[in-house]
Amino acid sequence: MAAPAPTARSWAWLGMLPFTLFALMFLLVPTMFIVVGAFRAEGGGFTLDHVMNLFTPSILAAFSISIRISLASAFLGCVIGFAVACSITVGGLPGWIRGPLLTFSGVASNFAGVPLAFAFLATLGRLGLVTVFLREWFGINIYALGFNLLSFWGLTLTYLFFQIPLMILIVTPALDGLRREWREAAEVLGASRAQYWWMVAFPILWPTLLGTLALLFANAFGAVATAYALTGSSLSIVPIVLFAQIRGDVLQDPHIGYALAFGMIVVTGIGNAFYIWMRSRAERWIK
Amino acid sequence: MKPSRIWAWLALAVGALYFALPLIGTIEFSLRMRRGVYSFDAYRAVLSDPQFRATFSFSVFMALMTIVLGVLVIAPTAYWVRLKLPRWRPIVEFITLLPLVVPPIVLVFGYIRLYNTSSWLPLTGTAGGTNLLLLAGYTVLALPYMYRAVDTGLRTIDVATLTEAAQSLGAGWITIMARIILPNIMVAILSGAFLTFAIVIGEFVLAALLNRPAFGPYLQVLGANRAYEPAALAVITFAITWACMGLIQLVTRLQKHTQVPR
Amino acid sequence: MAFLDITRLEKFYGTTHVVKDFNLAVEKGEFISFLGPSGCGKTTTLRMVAGFETPSSGSIRIDGRDVVNLRPNQRNIGMVFQAYALFPNLTVAQNIGFGLKVAGRPRAEIDERVREMLGIIHLPELGGRFPFQLSGGQQQRVALARALAIRPKLLLLDEPLSALDAKIRVSLRQEIRAIQKKLGITTIYVTHDQEEALSMSDRIVVMNAGVAEQVGDPFTIYNRPATRFVAGFVGTLNALDAIVTDPATGSITLDGQPIRLNRPIDAAAGASIGLALRPETLALGPRPETDGSLRGTVRDVQFLGSVLRVRVALDGQVVALDSFNTAALRPPAVGDAVEVSFATADVLVSDG
Ligand SMILES: Nc1ncnc2c1ncn2[C@@H]1O[C@H](COP(=O)(O)OP(=O)(O)OP(=O)(O)O)[C@@H](O)[C@H]1O
Ligand SMILES: [Mg+2]
């Protein structure tokens, strides 16, 4: 392609105007507004008071349980999704399974929010299918045993319904990208299967795995609808506390909302910074 | 080979159980409305609810508008970046990935604060303005998926050559976009569109906090007050999501058959 | 007993018979090429030797030991793949040292061997690079070094040069051969490029549709092809039809022109036979030292660099001949009436 004429070039950025404007107005500025708001004192000027207010037991507890649920569901989602993806790519399962499984993953990874909560209530709620089935056929009352859908494990289990498929969707192409020659070259050089995975396959997959982990974490951490529909306001995870704040259900310091939102950005931001850092370390061998 | 295959089957079986049970549970529950027998009463009740129809059509309308706005904002941008401004690429990619990092609830909080009635642009003051805000928010949510889909589509065609050929025939930019580029990446756009549809149709947080009568909040309210109807709605939503994904596969497959092999 | 002994090897994929009754004995230090058209079973045979495919029947012995039931990582074989088989996440040095590392060798030994191998492939400076920072030719050299670093008993190469461009292909094949000779390693080299096979090998196995049609040194394969397929596949060939007039003296007519081969032909008078002649055995114009000639008109002249390929039309059939391109000699013009001469000893006869 010939180099564009100088005049054409200097105006080329104009083509980016609609997108830039849109991104500024509806993504960047609103986000920045929150961040700034978290540090703005009542009459203007800088303050750390709002952020300091986050360090109260109840809010810290909310962050703690949010982070733990997100980590657990992201980590389990990664491990289980990876196992399933392996079984359809390198595990030697028949080829016909792959197509339907990927389609189903596409559906399930987008089946989040309120309907997902309904589905789990109908299955593992107090009157749910599995709960009733276990009670009436085996005499096992899972609620008496301490299980509660409106708890850490209940929510984690529910989130896995979209986390696992998301992992499958992202990691399957990466597994396909492992060339047969690599495995065979390793094998013929005397490596066992475990050595191949440890020294070649995992290092190559590492960036994808980490990236997906960060994505799944953010995905769970920001999810409101499922938790809200499942638990109402009874389980105080951060997004629900913030939701209540915005709704005005809870009359506290109005600035605590800014600080909460800022805290959420910080957490997902740290997650992604961690990912970018690990990735740059893991990807030295890529252009 | 043998033991690894057993593990593969085992992993698959556990996975299938985990994913099948909630679906079966929901379907079973949705049929239990009438005591003692299975019936479609819950579905009947839902479908005849005028609020269901109102909120559902509102969300469908919003989804369609989101698709239109998304295509208008993203397709020309992705095209332009590929053709003229490859240096912008990392920036644009970063921005399109941001919505995966910034939680939607934070985003909408920003909207409410930034565009409230006492601000320089009081969008939340009117229903129309709030709808616009909701639309923009949905487009932001769809940004990562839409951009990826369109960019992948553009990668498979030779943007530069197509553009130069069109220009040499005297076509203007609008013509090039509408007549040359868009039809060529139609399948990619459709994939992105169906995905967007699936995301928007049941979205809850934005609609709830902006106070719009959308399907998501309706679902939530119903869930808090009824027993069996929510299960029926969950089944319906699942079917819609499934249809969207099925359509994505369908258009992708159709394209494979109609495209000339290179 | 030969170093590598393949006997009665068969391979079926479902019902397709991909390798048929393959027998081969390779001496220690020999360089053998598998040559044949695409899909003839070269790779399959090689992969059975490497252990990636299980033979349907037959045996493979390396150094007297039957390896059919050994896994690839137990066979002590070096293998070079067509392309892109270097581990992208490891540096050149780590790639080369991989085999020793998984074998748990001490660090010092690995470093020493890597240095030695980098020297052998003439890339002593590149140990710290990643594969994506190398050219295709360099990558294949590193792949070779990696395969050799474990001191394998047998080296297998599956079209290692086919993804490279022509210039590098020629220089690298000389290098591979030189390294192979230096280390004295028994080698099987798969290719579909006859020039490669002819220039590198001690012996060539010409394969067709899963069958080893002929095994022999390059000279024999080229000059004394055992079957019509080998004759046609290796080198260019003029295939001509002739009628026998006197089988005892080898007299025949080719498009009405008489030729006397001076050796008996195994066919009846009046029968039709096939003749084969290499373009380079034919010369333009009369030559005192040759005993056969044909007359015709020049159909076209192709310029192939150092060689001119001239196609001469007889009465219906066409023969192609090669003559050296020298500045002093003007090339013949299309339509010229010319005489083509050859030695009758070079004429290959096949029936039908
Ligand atoms: N896994 C397989 N399943 C079924 N058929 C196969 C398989 N692998 C190879 N074949 C068939 O076996 C035949 C021989 O294949 P092979 O790869 O050995 O050919 P090749 O001589 O190496 O060809 P090329 O020069 O193209 O590499 C081909 O017809 C191929 O289609
Ligand atoms: Mg091959």
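Protein chains get the first letters and strands the later ones, always in sequence-line order, with residue 1 at the start of each.
- Contacts between A/Leu157 and chain B at a heavy-atom distance below 4.5 Å involve backbone atoms as well as side-chain atoms.
- Taking the six-membered ring where tryptophan is involved, the planes of B/Phe19 and A/Phe104 are perpendicular, since the angle between them exceeds 60° and thus also 30°.
- The local environment of CD1 in B/Ile174 is sparse, with at most 12 non-hydrogen atoms from other residues, nucleotides or ligands closer than 6.0 Å.
- Here the closest heavy-atom approach between residue B/Pro22 and residue A/Phe161 is recorded as CG-CE1, 3.9 Å.
- Residue contact with chain A, scored on non-hydrogen atoms closer than 4.5 Å, is absent for B/Ile248.
- Heavy atoms only, all atoms of each residue included: B/Ala234 and A/Phe118 are closest at CB-CB, 3.9 Å.
- With a threshold of 4.5 angstrom between heavy atoms, A/Val29 approaches chain B through its backbone and through its side chain.
- Looking at A/Leu124, there are no atoms closer than 4.5 Å to chain B (heavy atoms on both sides), in backbone or side chain.
- Nearest heavy-atom pair, B/Leu107 versus A/Pro30, reported as atom, atom and distance to 0.1 Å: O-CB, 4.4 Å.
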Could you walk me through whether A/Phe243 and B/Phe204 pass the ring-ring contact (aromatic ring centres under 6.0 Å, His included) test, one step at a time?
CA-CA 11 Å; A/Phe243 189 83; B/Phe204 170 70; 5.7 Å; yes
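- For the atom pair A/Ile246 CD1 and B/Arg113 CZ, the distance stands at 8.5 Å (nearest 0.5 Å).
- Applying the 6.0 Å contact sphere to CZ of B/Arg82 captures more than 12 heavy atoms from other residues, nucleotides or ligands.
- For the atom pair A/Phe19 CZ and B/Thr96 OG1, the distance stands at 6.0 Å (nearest 0.5 Å).
- With a threshold of 4.5 angstrom between heavy atoms, B/Tyr228 does not approach chain A through any atom at all.
- The only option from A/Thr268, A/Thr31, A/Leu215, A/Ile265 that meets the side-chain contact (heavy atoms from CB on, under 4.5 Å) definition with B/Val101 turns out to be A/Thr268.
- In this structure, A/Ile80 and B/Val14 have side chains that are not in contact, with every pair of non-hydrogen atoms separated by 4.5 Å or more.
- Side-chain contact between B/Pro99 and A/Leu27 is present, with heavy atoms from C-beta onward closer than 4.5 Å.
- Interface remark: B/Trp80 contributes side-chain atoms only to the contact with chain A (heavy atom separation under 4.5 Å).
- Contact of B/Leu100 with chain A is made through backbone and side chain together, with heavy-atom distances under 4.5 Å.
- Contact count versus chain A (heavy atoms, under 4.5 Å) is highest, among B/Ile74, B/Ile236, B/Thr237, B/Ile105, for B/Ile105.
- Put simply, the side chain of B/Thr139 does not reach to within 4.5 Å of the side chain of A/Phe26, judged on heavy atoms.
- Contact record, A/Ala122 with B/Phe29: CB-CB, 3.6 Å, taken as the closest heavy-atom pair.
- Looking at B/Ala136, the atoms closer than 4.5 Å to chain A (heavy atoms on both sides) sit in the backbone and in the side chain alike.
- For the set A/Val84, A/Thr103, A/Asn272, the entry with the most heavy-atom pairs within less than 4.5 Å of chain B is A/Thr103.
- The residue among A/Ala218, A/Gly222, A/Ala119, A/Ala108 with the most heavy atom pairs within less than 4.5 Å of chain B is A/Ala119.
- Looking at every heavy atom in both residues, A/Pro115 comes nearest to B/Leu219 through CG-CD1, 3.8 Å.
- Using a 4.5 Å cut-off between heavy atoms, B/Glu28 touches chain A through its side chain atoms alone.
- Contact detail for A/Leu129 and B/Gly25: the closest heavy-atom pair is CD2-CA, 3.5 Å.
- Of all the listed residues (B/Pro217, B/Ala208, B/Ala243), the one sharing the greatest number of non-hydrogen pairs under 4.5 Å with chain A is B/Ala208.
- Top candidate by heavy-atom pairs under 4.5 Å with chain A, chosen from B/Pro230, B/Ala224, B/Pro76, B/Pro103, is B/Pro230.
- Between B/Phe109 and A/Tyr258, some side-chain heavy-atom pair lies under the 4.5 Å cut-off.
- Neither the backbone nor the side chain of B/Leu72 comes within contact range of chain A; no heavy atoms are under 4.5 Å apart.
- When heavy atoms are compared at a cutoff of 4.5 Å, A/Leu101 approaches chain B solely by way of its side chain, counted from C-beta outward.
- Using a 4.5 Å heavy-atom threshold, the side chains of A/Phe22 and B/Thr77 count as separate.
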B/Leu21 vs A/Phe133, test: side-chain contact (heavy atoms from CB on, under 4.5 Å). Steps then yes/no.
CA-CA 12 Å; B/Leu21 279 178; A/Phe133 179 81; over 6 Å; no
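- Interface remark: A/Met25 contributes backbone and side-chain atoms alike to the contact with chain B (heavy atom separation under 4.5 Å).
- For chain B, the nearby part of A/Thr158 is the backbone; its heavy atoms alone come within less than 4.5 Å.
- For B/Ile95, the parts sitting under 4.5 Å from any heavy atom of chain A are the backbone and the side chain alike.
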